[in-house]
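Numbers restart at 1 for each chain; the letters A, B, ... are given by sequence-line order, proteins then strands.
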Amino acid sequence: MNTHHTADYLTSLNPEQRLAVETTEGPLLVLAGAGTGKTRVLTTRFAHILLTNRAKPWQILAVTFTNKAAQEMYKRIENMIDMPMSNLWLGTFHALCTRMLRRHANYVGLTPNFTILDTDDQIRLLKQVIEPWKIDIKRWPLAGLLGEIQRWKDRGLTPQHITPAEDTNFADGHARAIYEAYQTRLLQLNACDFGDLMLHVTEILRLNPDILAQYHTLFRYILVDEYQDTNTIQYLWLRLLAQRQQEQTNICCVGDDDQSIYAWRGAEVKNILRFEKDFPNANIVRLERNYRSTSHILGAATKLVAHNNERLSKTLCSGLVDSDTSIGEKVAVIHVYDSDIEAEFICQQITLFQKQGYSLAEMAILVRAGFQTRSFEEYLVQRGLPYRIIGGTRFYERAEIRDVLAYFRVLIQPADDLAFERIVNVPKRGIGATTLQKIRTTARTINAPLMTTIQHMLDNGTLNKRIGEPLRDLLKLLSDTRDILRDKGHIIGAEHLLEASHYLDMWRQDRSAEAEGRIDNIMELLHAMEEFTDIESFLEHVALVTEKDTPDQEEYLSIMTLHRAKGLEFDIVFLPGWEDGLFPSQHALNRGETKALEEERRLAYVGITRARKQVMIFHANRRRIYTHWQNSIPSRFLKELPEKHVTYRNLNNCLNIQHIQQNDNSDQTSNQTVLIKHSSHFQLGDYVCHNRFGTGVILSIDREHIEVAFETIGTKRIVSSYIKKL
DNA sequence: GTCCGCTCCTTTTTT
DNA sequence: AGGAGCGGAC
């Protein structure tokens, strides 16, 4: 390489980052800890390959998990280089596979315009497929079956691969057969679910060396983001594309085993652990300098995750120099009486931080489970703090949006039976389950799509007037709309469809509170469609996207799950609900395996490392869960936090926020750190034993008074001399 | 076919 | 609390 002049984009990198960027040839694994500049390395590497003329833009395969990550990467690369980037192979696993599958669809019995099903379609299809088995759906929920099939697909297993021994989780071993029937139906419908996108393409590449060779020639460099999250089928796909006979492979995978939090949906940390085996003489670069968090935050997070056994060795240290930031505040662990106080106190703290000059956009509340968000809303509204719950019901999952998209689908793909079934009686046209079943049966015998079947039935007069009339109208409406689409464009066509079908009227007449919002959503959808030239390309886009990107017009506080927070950062992070059974989750505790618990611990690590300046962790004695109150004990993770980076505050005796404020003023100096010293060697979360009450866990410490949750008799306040550590 | 009210359930999420 | 599924009334 020409070294006489070092490019600007390289000089701003630290030595390890630079090594990761400049080691372009051969297999490379980049282990990038939280906040070590992972995205920067990935994008700089991409730009570097282009700028040094190692490859043309379309010769680089760059894979991410989310659309957001792909967009982010694209934007950053675009900013770094000044050349047209056409035909980029930069996208999510699924988007890239869709592109490949449309090219080679015929190899697996599909046509290039196949439909991609969403979860809703999948469930409805399964419901039909499962019919002959007469399975008690109450005992065996369909979601479980779908999960089972998805996990098989994640592992690259087609029905033929599944042995009876592996088919025991659903309805006493019928899942394999149902899976097979489901796949048959998908092909009949010319449709794919998300798993199929990966599965079909991998199958095509595996069985057709000529096709694989084309891609080998095409892709000179492969970049993979979040490698720790890849599942088996994604791994197999990558390995096929990466392992060539003759030349070495220029594959670069970036990941962090400590941030692997998706094993429950099929991700295999193994993939990252065995990289060196898969690609002999692979280089490994570790990015260990963290440029995000204060040393207290970093210290707390790394000590916590160090309790995990299954990890690649990696030591995160601060890359910030002292002048960048002070050592900062210690991580605060705050004990509150209940979840209401927790919510109220956090909202109060947010106001306080605002007064100190922090913007709402730089603060986040990160929860373990979705239901926790509710308690915050009330108090935030009360204080007039703008907030957003990230990832509640997603835009494209709303019923009205799905309805409208289904209307579009039947317009474009008259053979899309699932879409047709969704809209045939919305708004009500008097077509019920019985009629639909009759049509389905006929369709099956003449082997035709539902709409064609209906046309037949109308022609031979098989349908009575009461049913036939509205169906005839619907078919007429659809064919009329196709004409309008052709003559006047997709926006006019879409508007006509939604008016003439009376779909919009249905909501206009709806008196419920949400109806107006639904109409707004539909208008937004139509607006989003303007960026596309036709409905087909819009549907293609929508099938692979869950979120609609709205630019932020105002600053707001973010509330989201820990999973959703991965990859983000904030100045101040609130982590409520650190109690056994919630975090770590009851499911993880029930399983009793270290594996599940270690994933929860990594989630805790992800949570803490989101923060730049301050972390506040909360645990409550009791928590409102839906309707009832549940007593809880502190999370076992709390005692894994290193004392020197943590400060404890006990607000357990405060039943309202006024009390907390008073205590704040009077207790300024004698906070919990001091209290803990008074009460000898006891710590929050310690397991203790009492002569009469048995064993329990310490909930709070107030000098010599210690509150213990006993296993048998509940919570009691005890003087410390009567209990001893287990 | 449609509507109403009863029961049951509730981790995490992307595509 | 809120949604989904189901059975029964009309």
Side-chain angles (χ1 to χ4, degrees), chain A residues 63-70 91-98 116-124 127 136-139 141-144 147 150 153-154 192-199 225-226 229-231 233-234 260-267 366-375 377-378 390-394 396-397 399 425 427-437 464 466-467 470 514 540-547 560-567 577 581-591 596 599-600 602-604 606-607 624-628 630:
Chain A
V63 200
T64 64
F65 270 84
T66 64
N67 291 298
K68 201 174 150 205
T92 62
F93 277 99
H94 294 89
L96 294 166
C97 274
T98 304
I116 301 168
L117 303 188
D118 58 30
T119 317
D120 212 64
D121 293 324
Q122 292 180 59
I123 291 281
R124 280 180 308 133
K127 204 184 278 175
D136 180 5
I137 217 149
K138 268 228 152 90
R139 207 172 144 214
L142 285 177
Q150 255 159 5
K153 289 186 175 180
D154 285 345
C192 269
D193 64 21
F194 286 115
D196 286 337
L197 295 170
M198 298 288 328
L199 203 55
D225 192 14
E226 307 276 21
D229 287 338
T230 48
N231 61 34
I233 189 70
Q234 288 160 339
S260 156
I261 53 174
Y262 286 113
W264 55 273
R265 66 173 198 207
L366 309 181
V367 298
R368 177 62 183 86
F371 74 84
Q372 288 174 265
T373 60
R374 174 165 300 215
S375 58
E377 296 194 69
E378 191 181 320
I390 314 290
T393 352
R394 283 186 284 275
Y396 290 108
E397 276 170 15
N425 203 30
K428 300 262 179 302
R429 297 187 176 91
I431 317 295
T434 326
T435 310
L436 204 54
Q437 193 52 51
N464 67 42
R466 197 168 59 89
I467 305 271
E514 319 90 69
E540 172 83 12
H541 165 79
V542 159
L544 297 168
V545 149
T546 48
E547 217 74 65
M560 67 187 101
T561 61
L562 288 159
H563 283 90
R564 284 226 128 208
K566 192 165 82 155
L582 178 57
F583 191 37
S585 74
Q586 196 54 53
H587 287 262
L589 294 177
N590 288 348
R591 301 181 93 195
E599 179 148 312
E600 295 283 311
R602 290 192 293 269
L603 198 50
V606 167
R624 207 208 305 260
I625 291 174
Y626 302 107
T627 49
H628 65 283
Q630 202 174 67

Exercise for the section: Starting from P on C:dA1, measure out to CD on A:Glu377 and report it in whole angstrom. Expected result: 15 Å
Exercise for the section: Could you check whether A:Arg368 gets within reach of a base, just the sugar-phosphate, or nothing at all, counting any heavy atom under 4.0 Å? Expected result: base
Exercise for the section: Classify the nucleic acid contact of A:Gly195 as base, sugar-phosphate or nothing, counting any heavy atom under 4.0 Å across all strands shown. Expected result: nothing
Practice task
Take atom CG of A:Asn231 and atom C1' of B:dT13, then tell me their distance rounded to the nearest Å.
Solution key: 13 Å
Problem - Interatomic distance, A:His563 NE2 vs B:dT11 C1' [rounded to whole Å] - result: 8 Å
Fill in the blank from the handout: A:Leu544 CG to B:dT15 P, in whole Å, measures 9 Å
Exercise for the section: Give the rounded distance in Å between these two atoms: NE2 of A:His587 and P of B:dT10. Expected result: 7 Å
Problem - Rounded distance in Å - CG (A:Leu582) to P (B:dT12) - result: 10 Å
Problem - Selection from B:dC3, B:dT15, C:dG5 that lies nearest to any side-chain heavy atom of A:Lys428 - result: B:dC3
Exercise for the section: Please indicate yes or no: is the ring centre of A:Phe93 less than 5.5 Å from the centre of the six-membered base ring of B:dT15, with the two planes inclined by under 30 degrees? Expected result: no
Practice task
May I ask you to decide if A:Ile431's main-chain N or O and A:Asn425's side chain share a donor-acceptor pair within less than 3.5 Å?
Solution key: yes
Exercise for the section: Using a heavy-atom cut-off of under 4.0 Å over every strand shown, decide if A:Thr98 touches base, sugar-phosphate, or nothing. Expected result: nothing
Handout entry: Between B:dT12 and C:dA4 - P atom distance, rounded Å
Key = 16 Å
Exercise for the section: State, yes or no, whether a side-chain contact exists between A:Gln630 and A:Leu582 at a heavy-atom distance under 4.5 Å. Expected result: no
Exercise for the section: Flag the pair A:Tyr396 / A:Asp118 as yes when at least one side-chain heavy-atom distance between them is below 4.5 Å, and no otherwise. Expected result: no
Problem - Shortest side-chain distance from A:Arg265, nucleotide among B:dT13, B:dG1, B:dC3 - result: B:dT13
Problem - Nearest to side-chain heavy atoms of A:Arg374, which nucleotide of B:dT15, C:dG5, C:dA1 - result: C:dA1
Exercise for the section: On DNA chain B, check which nucleotide each of A:Gly430 and A:Phe194 is closest to and give me the residue with the more 5' one. Expected result: A:Gly430
Exercise for the section: Looking at every strand, decide which applies to A:Asp118 at a 4.0 Å heavy-atom threshold: base, sugar-phosphate, or nothing. Expected result: nothing
Practice task
Would you classify A:Asp229 as touching base, sugar-phosphate or nothing, given that sugar-phosphate means primed atoms plus P, OP1 and OP2, and contacts are heavy atoms under 4.0 Å?
Solution key: nothing
Practice task
For A:Glu397 and C:dA4, give me the distance from atom CD to atom P, rounded to whole Å.
Solution key: 12 Å
Practice task
Compare the minimum distances between each of C:dA1, B:dT15, B:dG1 and the side chain of A:Tyr626, then state the nucleotide with the smallest one.
Solution key: C:dA1
Handout entry: Distance test, side-chain N/O of A:Asn425 to OP1/OP2 of B:dT2, below 4.0 Å
Key = yes
Practice task
Grab the CG-P distance between A:Asp121 and B:dT15 for me, whole Å please.
Solution key: 17 Å
Practice task
Pick base, sugar-phosphate or nothing for A:Thr66, based on heavy-atom distances below 4.0 Å to the nucleic acid.
Solution key: sugar-phosphate
Fill in the blank from the handout: Taking B:dT15, B:dT12, B:dT13 as options, the one with an atom nearest any side-chain atom of A:Thr92 is B:dT15
Handout entry: Flag, side chain of A:Asp196 to backbone of A:Leu199, donor-acceptor distance under 3.5 Å
Key = no
Exercise for the section: Would you please confirm or rule out a distance under 4.0 Å between OP1 or OP2 of B:dG1 and any side-chain N or O of A:Thr434? Expected result: yes
Problem - Side chain of A:Thr561 (C-beta onward), nearest among B:dT15, B:dT12, C:dG2 - result: B:dT12
Exercise for the section: For the residue pair A:Tyr262 and A:His563, categorise the inter-ring angle as parallel (less than 30°), tilted (30 to 60°) or perpendicular (more than 60°). Expected result: tilted
